[in-house]
Amino acid sequence: MYAERTSRLPGAAIWKRIDAVDQTAEHRVLPDGCLDLIWIDGELVVAGPDTVAHLSPAAPGRQFTGIRFRPGLGPAVLGLPAYELLDRRVPLADIWPAARARRLSGLAFADRGQLLERIAEESLAGHEPDPIARAIAAQLRAGRPVASIAAAAELSERQLLRRCRHAFGYGPKTLTRILRFGRALAAARAGTPFATVAFETGYSDQPHLARDVKSLAGVPLGSLV
């Protein structure tokens, strides 16, 4: 079972997953440019931005609660660059002082989503996210060329690359590819024909869409849908 809601923290979502008692199949977690803070069996774990699908083993009856930060917000919460967490799952106690992580893990909250929101809000107090990261992500999502985004932000392309790796974990071209993949998958799941999905989301043709989805997700688009 999976459920998701909008968080009171701007640009974040709270999600919950409970594995069925008879579940054996792995969960395929798709790359989305986001960082997550997850409560698992009394431990807080950070899921970094993925470059390809991450396979999460099923654990019958196990419960997960997470907060997913919009691209660029996670580093401000955690206090370290996103590229240090690329394709990694790391206990929060390995990032923050262990005593602090244990104290947070042990806080009594009936709703673990509210606990995660409180942790993020307290961490963000006095620490502003990169002021241009959100604008960069929006422009990349819209398909603007990297050179024009850099010029608009008054950055060189090399400076933009460093800014993106710190905020998102990837360079701008990789983030563009992952965001496009997300749009294409959403459109396909809504029933849009694959050829139309390819055209409307900026792929050169349907085979290009198929290759990119298989490379990022590890399975064909039809299987994801």
Side-chain angles (χ1 to χ4, degrees), residues 4 7 9-13 15 28-38 46-54 66-90 120 124 127-189 197-204 208-219 221 224:
E4 185 173 309
S7 170
L9 184 72
W15 57 268
R28 186 174 299 274
V29 182
L30 302 175
D32 57 8
C34 299
L35 284 164
D36 292 62
L37 178 61
I38 310 170
V46 176
D50 293 319
T51 56
V52 294
H54 171 79
I67 182 168
R68 180 182 305 112
F69 304 110
R70 62 170 166 76
L73 180 59
V77 173
L78 297 171
L80 81 171
Y83 64 77
E84 292 190 13
L85 296 166
L86 193 64
D87 291 318
R88 298 177 65 198
R89 294 334 185 233
V90 182
L124 280 172
H127 297 84
E128 288 296 321
D130 183 335
I132 67 169
R134 192 167 191 171
I136 290 173
Q139 292 177 74
L140 291 172
R141 188 177 287 109
R144 289 194 61 191
V146 171
S148 67
I149 295 173
E154 299 183 344
L155 300 170
S156 69
E157 290 191 38
R158 181 171 294 181
Q159 289 172 324
L160 179 66
L161 173 62
R162 287 198 298 267
R163 204 76 165 255
C164 285
R165 290 187 67 242
H166 188 286
F168 313 124
Y170 335 98
K173 292 182 180 179
T174 299
L175 181 60
T176 296
R177 181 183 177 215
I178 287 171
L179 294 175
R180 179 178 61 183
F181 161 71
R183 294 196 307 275
L185 179 57
R189 284 176 167 166
V197 170
F199 174 76
E200 292 182 346
T201 54
Y203 292 91
S204 57
H208 180 202
L209 166 66
R211 289 193 303 271
D212 208 47
V213 170
K214 183 68 178 295
S215 174
L216 289 169
V219 294
L221 180 57
L224 294 178

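What you see is a predicted model; the values in this text were computed from it and never measured.
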Restricting to non-hydrogen atoms, name the atom on [X] and the atom on [Y] that form the minimum distance, rounded to 0.1 Å.
X	Y	answer
Gly169	Pro49	CA-CG, 4.1 Å
Ala217	Arg28	O-NH1, 2.8 Å
Leu86	Thr51	CD1-CG2, 3.9 Å
Leu124	Ala76	CD2-CB, 3.7 Å
Ala133	Phe168	O-CZ, 3.3 Å

Quick one: [atom1] on [X] to [atom2] on [Y], what's the gap to the nearest 0.5 Å?
X	Y	atom1	atom2	value
Asp50	Tyr170	CG	OH	6.0 Å
Leu37	Ile67	CG	CD1	7.5 Å
Leu185	Arg180	CG	CZ	13.5 Å
Ile132	Gln139	CD1	CD	9.0 Å

Would you say the side-chain atoms of [X] pair up with the backbone N or O of [Y], donor to acceptor, closer than 3.5 Å?
X	Y	result
Arg177	Lys173	no
Arg183	Arg141	yes
Ser215	Arg211	no

With Tyr203 via ring pair (Phe, Tyr, Trp, His ring centres under 6.0 Å) - residues at least two apart: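 For Tyr203, the residues satisfying ring pair (Phe, Tyr, Trp, His ring centres under 6.0 Å) (neighbours in sequence not counted) are His208.
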Residue pair Arg68, Asp32: steps toward the side-chain contact (heavy atoms from CB on, under 4.5 Å) verdict: CA-CA 10 Å; Arg68 180 182 305 112; Asp32 57 8; 3.6 Å; yes
